[in-house]
Amino acid sequence: MNKKESLIRSFQQEVKRANQQTFPMYVDSFTNLWQYEFGTLDELPKDIEQLVANRALELELME
């Protein structure tokens with residue numbers, strides 16, 4: 001398993017056990033780590049990309 005697959009799998013497991021309070025923290029942590037490791041949020045699976053986009057909307061980073 002490569003690094004991207006490992007990060008995705010870990011994030012998916014965190015999301016499964018997340019609640020309303022912890023979910024935003026998991027998304028923020030994942031995106032920070034992904035950007036640190038790979039320099040961009042490109043190449044995310046569509047389902048994860050949607051979660052990240054929803055979080056960006058909540059933070060008013062996107063319209």
Undergrad: Residues two or more places apart in sequence or in another chain: which of them pass ring-ring contact (aromatic ring centres under 6.0 Å, His included) with F38?
TA: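 Listed in chain order: W34.
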Undergrad: Return the set of residues passing salt bridge (Lys or Arg N to Asp or Glu O under 4.0 Å) with K16 (not counting sequence neighbours), or none when no residue passes.
TA: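 For K16 there are no salt bridge (Lys or Arg N to Asp or Glu O under 4.0 Å) partners, ignoring immediate neighbours.
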Undergrad: What pairs meet the salt bridge (Lys or Arg N to Asp or Glu O under 4.0 Å) rule with one or both residues in residues 1-10, with sequence neighbours excluded?
TA: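 Residue pairs with at least one partner in residues 1-10: K3-E37, K4-E43.
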Undergrad: Just jot down the side chain to side chain donor-acceptor pair (under 3.5 Å) partners of D42, sequence neighbours excluded, or say none.
TA: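 In terms of side chain to side chain donor-acceptor pair (under 3.5 Å), with neighbours along the sequence ignored, D42 is linked to T40.
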Undergrad: The criterion is side-chain contact (heavy atoms from CB on, under 4.5 Å); which residues satisfy it with T22, sequence neighbours excluded?
TA: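 T22: side-chain contact (heavy atoms from CB on, under 4.5 Å) contacts with A18, N19, M25, Y26.
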Undergrad: Could you list the residues that satisfy side-chain contact (heavy atoms from CB on, under 4.5 Å) with I48, not counting sequence neighbours?
TA: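 Once residues adjacent in sequence are excluded, the partners of I48 under the side-chain contact (heavy atoms from CB on, under 4.5 Å) criterion are I8, F11, Q12, F30, L44, P45, V52.
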Undergrad: Under the rule for side chain to side chain donor-acceptor pair (under 3.5 Å), what residues qualify as partners of N2, not counting sequence neighbours?
TA: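 N2: no side chain to side chain donor-acceptor pair (under 3.5 Å) contacts found.
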Undergrad: Sort and list the pairs that fulfil salt bridge (Lys or Arg N to Asp or Glu O under 4.0 Å) and have at least one residue in residues 17-36, not counting sequence neighbours.
TA: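 The answer is D28-R55.
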